[in-house]
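Read through the structure below, which is laid out as structure tokens, and then see the notes.
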Amino acid sequence: MNKSRIILGGVAIIALMVAVGGATYFMARHPVASAPPAAGASPAASTQGAQSATAAVNVNVTASACDPNELTVPAGRVTFSIHNQGSRALEWEILNGVMVVDERENIAPGFSAKLTTRLEPGDYDITCGLLSSPKGRLHVAAFDAASAKPSQIDLIGPLAEYRVYASYEIDALVDDAKRFADAVKSGDLDAARALFPVAHAHYARLAPIARLFPDLDRAIDSSASEHDKKEADPGFTGFHRLEWGLFAGSDSGNLDPLADKLAADVVALQNRFEDFAMNPEPTIAGAADVIGKTALGRISGEADRGSGADLSDLQANVEGVKKIVDLFRPLIARVDNPLSLALAEDFSTIDATLAKYRTADGAYKPAAHLSADDRAALQNATKKLAGELARVRGALGLS
Amino acid sequence: MKSIRTALLIGASSLGLALAAQAAPMDLVGPVSNYKIFVAKGVDRLVTTTAAFTAAVKAGDLKKAQALYAPTRVNYETIEPIAELFNDLDGSIDSRADDHEKKEADDGFTGFHRIEYGLFEKKSTDGLAPLADKLNKDVVELQGRIKTLTIPPEKMVGGAAALIEEVGKTKITGEEDRYSHTDLYDFQANVDGAKKIVDLLHPLTVKADPALSAAVDKNFAAVDGILAKYKVGNGWQSYDKVTEADRTALKGPVTALAEDLSKLRGALGLN
């Protein structure tokens, strides 16, 4: 008895919140119908219905055509009501070029089905019966400012795809770091020197998120200047310690344990990445940091420790950041198209400039080879890019 | 007065609990990315097996081509929720004769089922070479497109229900592999593809709606149990040997599974 009163109280609160329009999000996911029947439930449900339901857009499909054959709807969430007036089971699809944006399958002849979907502005085709039937047209009007802002759900796809990219890069890093370590240990130092930029480029592509594993980042990629005793510091390990040994130092005989440690540390990174919860804010902040903090040092050649891998690393840093931007580009363009275009322009300037210094075997010349003009072009483009990347988070409405 | 306040407090805290159980959108990032990797590996297998299948067709080796038809196709059926997002390729790889005006005689009818028609109905590889080449080209194109595809979470989560719903509503009649009667290979592949989606989402589903999660697991076990009866060695019994009564017995659990799976999107906050 007491319990049912408490539940009633809860329902009353929900009803109240819905009445003032504050709990649409909650209501959509926890229908009142799942609570015991209570006096408060039915007004709550009908209020919710009135708030979110827009009239469904009707489409009649015969054996060979859609009626109407041309539709215009607003951007965002739209519900279609599809009536199959043909004589065989119908599959109704919204197409963007050859891509199915959404579909409702298996509508029996004489029956109707509803399809609720989120649509971006633009022109789409709709299928009407047989594959050979002429397609109808669907125009989706532009977003208004309020509805353009990406939702959390909009961010899942791009971030998941970045997680796939990062996971493939980590796998490649593990393989190439092993090859590099094996070359060091076998004493084939020429092979080791050639493999250094290849293995390190994987890590440079991962730079936006690698810093989220600070202990491993330090073990794998710190520079001598970050350690008390510089090159002589026993805590100085990883790629740059090996780089120093291979290209500048005379202690290559001591590199074996360092090679083993690097190979083990990247495997530890691979294992930890398995359970890593990726979030949009640090990923995008990391991308901005990579360009803002490390790119300029690579262009000047100041970061060079003898391997001459600066431009290779720069290219890899830019590639890793560009991957993130490309994946979020549709969302950035939705809220700030000029920003999206400016980002694309900077990436193409940097790519075109760096391409001039690529050698036949796919490696890069040292940064010292940069002409004054190309160095200036790279510096300007990376500064501009860093500024724009710093604005992406805000544009996407992230904190 | 006091009882109202208590009710308000308890109401508010139960509301908080409900929100905590709800999957946060970013919890879906891991499952969606792992699903993409699963699909990418699946399409790689499709490309490799299609190359072997079409080589047998072109070599005129009817027996081998017939034997490879079903084991090759399953690689398409397992990843169908994503593969069918490409309307043009889905049409050229997997459409049925009914999708075309002139049915089997239609020049637009290509892909697995057109080749199936040649191999099993006409019992000949004559004239199939250009169709084999096209199928090969189409699956390689699909592989390239999947590589650059961002999978929308709704397509992954909704894909499980769509796969099973199609089995229950149309495939159960034996329409898909009507010339070869290898439908049970496809059913199992569809079930496996849906199961993979559900398994990847399991940690979220079990939090968001434990009862639904348990019902889905139970339904999968029921469907798997029925399908297992038709297993013959490494393959499956010919579907024309499955009686009308047995098909009806399969339809119930498949439909129940599809109905539960259709609630996943809502349970995970994706509607």
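Every chain is numbered from 1 and lettered A, B, ... according to where its sequence line falls, protein lines coming before strand lines. On a predicted model such as this, the values are computed, not experimentally measured, just so you know.
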Is it true that, when you exclude [X] itself, more than 12 heavy atoms of the residues, nucleotides or ligands shown sit nearer than 6.0 Å to its [atom1]?
X	atom1	value
A:Phe111	CZ	no
B:Glu101	CD	no
B:Asp107	CG	no

How far does [atom1] of [X] sit from [atom2] of [Y], to the nearest 0.5 angstrom?
X	Y	atom1	atom2	value
A:Glu103	B:Leu85	CD	CG	7.5 Å
A:Asn96	B:Asn87	CG	CG	11.5 Å
B:Thr148	A:Leu327	OG1	CG	10.5 Å
B:Asp99	A:Ser132	CG	OG	9.5 Å

Checklist entry - Mind checking which of residues 157-164 of chain A sit less than 4.5 Å from chain B, heavy atom to heavy atom? => result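 When heavy atoms of chain B are the reference, residues 157-164 of chain A contributes A:Gly157, A:Pro158, A:Leu159, A:Ala160, A:Glu161, A:Arg163, A:Val164 within the under-4.5 Å range.
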Do [X] and [Y] have side-chain heavy atoms sitting under 4.5 Å apart?
X	Y	result
A:Met278	B:Met26	no
B:Thr170	A:Glu105	no
A:Thr117	B:Glu154	no
A:Met99	B:Arg145	no

Next on the checklist: Quick check on the structure: residues of residues 30-39 of chain B within a heavy-atom distance below 4.5 Å of chain A, by number.
Outcome noted: B:Gly30, B:Val32, B:Ser33, B:Asn34, B:Lys36, B:Ile37
Using non-hydrogen atoms only, which part of [X] is less than 4.5 Å away from chain A: side chain, backbone, both, or neither?
X	result
B:Leu89	neither
B:Ile151	backbone
B:Lys102	neither
B:Asp98	both

Checklist entry - With respect to chain B, which residue among A:Asp102, A:Asp154, A:Thr127 yields the maximal number of heavy-atom pairs within a distance under 4.5 Å? => result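 It is A:Asp102.
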By a 4.5 Å heavy-atom criterion (distance strictly below it), what part of [X] contacts chain B: side chain, backbone, both, or neither?
X	answer
A:Ile156	both
A:Arg88	side chain
A:Phe276	neither
A:Asp326	neither

Item to check | For B:Lys155 against A:Val101, the heavy-atom pair lying closest together | outcome: NZ-O, 2.8 Å
Checklist entry - Are A:Asn106 and B:Glu166 close enough that a side-chain donor and a side-chain acceptor fall under 3.5 Å? => result no
